[in-house]
Number of protein chains: 2
Amino acid sequence: MKENISGCSVEAAMSLLGGRWRLLIVSYLLDGPKRFNALRRDIPNISQRMLTLDLRALEEAGLIERTIYPEVPVRVEYCLTLDGQRLQKIVAVMKEFGLWLKEQPYFEKSMNK
Amino acid sequence: MKENISGCSVEAAMSLLGGRWRLLIVSYLLDGPKRFNALRRDIPNISQRMLTLDLRALEEAGLIERTIYPEVPVRVEYCLTLDGQRLQKIVAVMKEFGLWLKEQPYFEKSMNK
DNA sequence: CCGGATCCGAAAAGATACTG
DNA sequence: CAGTATCTTTTCGGATCCGG
């Protein structure tokens, strides 16, 4: 038991989506189903390990679906579930804020460290 | 240089806000200025250390402002800047999602571990 | 090759005792 | 009161290995 998260819904949401990569993964899946390595290319800085872990967490939460096509070589596709598409709005406002943020002098500085 | 964050604005936003507590802190500051220990009470699970660190990061990003009143005992107040109030929309959609999330069977399970 | 799993050192988060 | 210093614990990234 991770204590009383129930107190605040923002905390509940951030516990699931708060990582550095999770919303980013979702944002790329909004375009449609993607394979594991396609996501890796979309997110060059993520490690294989974290991509696996975050995909699993999102899957466990019912936000994305994992489909294995037993071809050779194997193909694994990830896509948003209907529930996962609820995140569209979050991604949209986050993107909007990010665009603004990248214009700020703070951002320039934060890149150099 | 943390590499090419410039590629995606969602990534930029999540680098700043993606932590578990930061948006939560912001959400409480939307109500108005608050003191350090008031925020601690609002967010019972956060450690002193992380509250300090996250407040500093948000301050450095220009989203919140720290004001010291040299009384005895000293009083330190945090409030959102105008820029910080841009986060209102993000908090709102995150809260909405969190409310939904807390209704899901997944959430119940995720609490027990 | 693709999609991982595993192991390890590094970094971040957490607990908490202490201080101006 | 509002932190800092210090120590412990957890998480993360990178390299490597593996089954199909």
Side-chain angles (χ1 to χ4, degrees), chain A residues 1-5 7 11 14-25 28-29 33-61 64-79 110-113, chain B residues 1-5 7 11 14-25 28-29 33-61 64-79 110-113:
Chain A
M1 190 80 146
K2 284 221 171 171
E3 308 278 329
N4 192 20
I5 282 183
E11 186 171 358
M14 290 307 283
S15 297
L16 177 57
L17 303 175
R20 180 172 169 193
W21 307 112
R22 294 189 180 183
L23 260 189
L24 194 61
I25 293 170
Y28 282 113
L29 290 179
K34 291 226 177 185
R35 306 180 54 164
F36 186 84
N37 278 325
L39 286 168
R40 280 192 77 182
R41 278 188 295 276
D42 287 337
I43 314 173
N45 293 340
I46 198 172
S47 67
Q48 201 184 19
R49 186 173 165 282
M50 285 316 296
L51 183 54
T52 302
L53 259 53
D54 283 343
L55 284 169
R56 289 292 196 288
L58 292 170
E59 186 190 6
E60 198 182 344
I64 68 178
E65 199 168 22
R66 179 170 180 264
T67 313
I68 305 176
Y69 300 90
E71 307 167 354
V72 179
V74 65
R75 182 163 58 101
V76 179
E77 268 190 2
Y78 295 90
C79 67
S110 76
M111 296 290 292
N112 306 330
K113 56 178 184 180
Chain B
M1 192 76 149
K2 284 220 173 172
E3 307 276 330
N4 194 20
I5 283 183
E11 186 171 356
M14 290 307 283
S15 298
L16 177 58
L17 303 175
R20 178 173 170 191
W21 308 112
R22 293 189 182 183
L23 260 188
L24 194 61
I25 293 169
Y28 283 113
L29 289 179
K34 290 225 177 186
R35 307 176 57 161
F36 186 84
N37 279 326
L39 286 169
R40 278 193 77 184
R41 278 188 295 277
D42 287 337
I43 313 173
N45 292 339
I46 197 171
S47 67
Q48 267 173 330
R49 185 175 164 281
M50 285 314 297
L51 182 54
T52 303
L53 259 51
D54 284 342
L55 284 169
R56 292 289 196 282
L58 292 170
E59 185 189 7
E60 197 183 345
I64 68 177
E65 198 167 23
R66 179 169 179 265
T67 313
I68 306 176
Y69 300 90
E71 308 166 353
V72 178
V74 65
R75 182 162 60 101
V76 179
E77 267 190 3
Y78 295 90
C79 66
S110 77
M111 296 289 292
N112 304 331
K113 56 179 186 182

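Each chain gets a letter, A, B and so on, in the order its sequence line appears, and its residues count up from 1.
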Please report the distance, rounded to the nearest Å, between CG in B/Asp54 and C1' in C/dG14. 12 Å

Atom pair distance, as rounded to whole Å: CZ in B/Arg40 and P in C/dA15: 11 Å

Nearest-angstrom distance from the residue atom CD1 of A/Ile46 to C1' of D/dT11: 14 Å

With sequence neighbours excluded, give me every salt bridge (Lys or Arg N to Asp or Glu O under 4.0 Å) pair touching residues 38-50 of chain A. A/Lys34-A/Asp42

So what does A/Arg56 touch, heavy atoms closer than 4.0 Å: a base, only the sugar-phosphate, or nothing? sugar-phosphate

Show, in sequence, the C-alpha distance, side-chain angles and deciding distance for B/Ile25 and B/Ile64, and conclude whether the side chain to side chain contact (heavy atoms under 4.5 Å, CB included) test is met. CA-CA 10 Å; B/Ile25 293 169; B/Ile64 68 177; 5.5 Å; no

For B/Asn45 and A/Glu11 the tightest heavy-atom approach is ND2-OE2, 3.9 Å

Measuring to OP1 and OP2 of D/dG13, would you say a side-chain N or O of A/Trp21 lies under 4.0 angstrom away? yes

If you only use heavy atoms from C-beta on, which nucleotide in D/dA2, D/dC12, D/dT4 is closest to the side chain of B/Thr52? D/dT4

Can a donor-acceptor pair be found, under 3.5 Å and without considering hydrogens, that links the side chain of B/Arg22 to the backbone of B/Leu16? yes

Going by heavy atoms in the side chains, are B/Leu55 and B/Glu59 under 4.5 Å from each other? no

So, for B/Met14 and A/Leu23, which heavy atoms are closest and what is the spacing to 0.1 Å? SD-CD1, 3.7 Å

Validation row: A/Leu24, A/Ile46 side chains within 4.5 angstrom (heavy atoms): no

C/dA5 C1' sits how many Å from A/Leu55 CG, rounded? 15 Å

Protein-nucleotide distance (B/Ile68, atom CD1; D/dG3, atom P), rounded to Å: 7 Å

Is there a side-chain polar atom (N or O) of B/Arg49 under 4.0 Å from OP1 or OP2 of C/dA17? no

Rounded distance [0.5 Å steps], CG in B/Leu39 versus CD in B/Glu77: 10.0 Å

Heavy-atom side-chain contact between A/Arg56 and A/Leu53 under 4.5 Å: no

The helix from C/dC1-D/dG20 to C/dG20-D/dC1: angle between end helix axes, five pairs per end, rounded to 10 degrees: 30°

Separation of D/dC12 P from B/Arg20 CZ (nearest whole Å): 12 Å

Can you tell me the distance, in whole Å, between the CG atom of B/Leu51 and the P atom of D/dA5? 17 Å

Quick one: does B/Gln48 reach the base of D/dA5 with a side-chain donor-acceptor pair under 3.5 Å? no

Within residues 71-79 of chain B, the residues having a heavy atom closer than 4.0 Å to DNA chain C are none

Would you kindly give the CZ-to-P distance between A/Phe36 and C/dG3, to the nearest whole Å? 7 Å

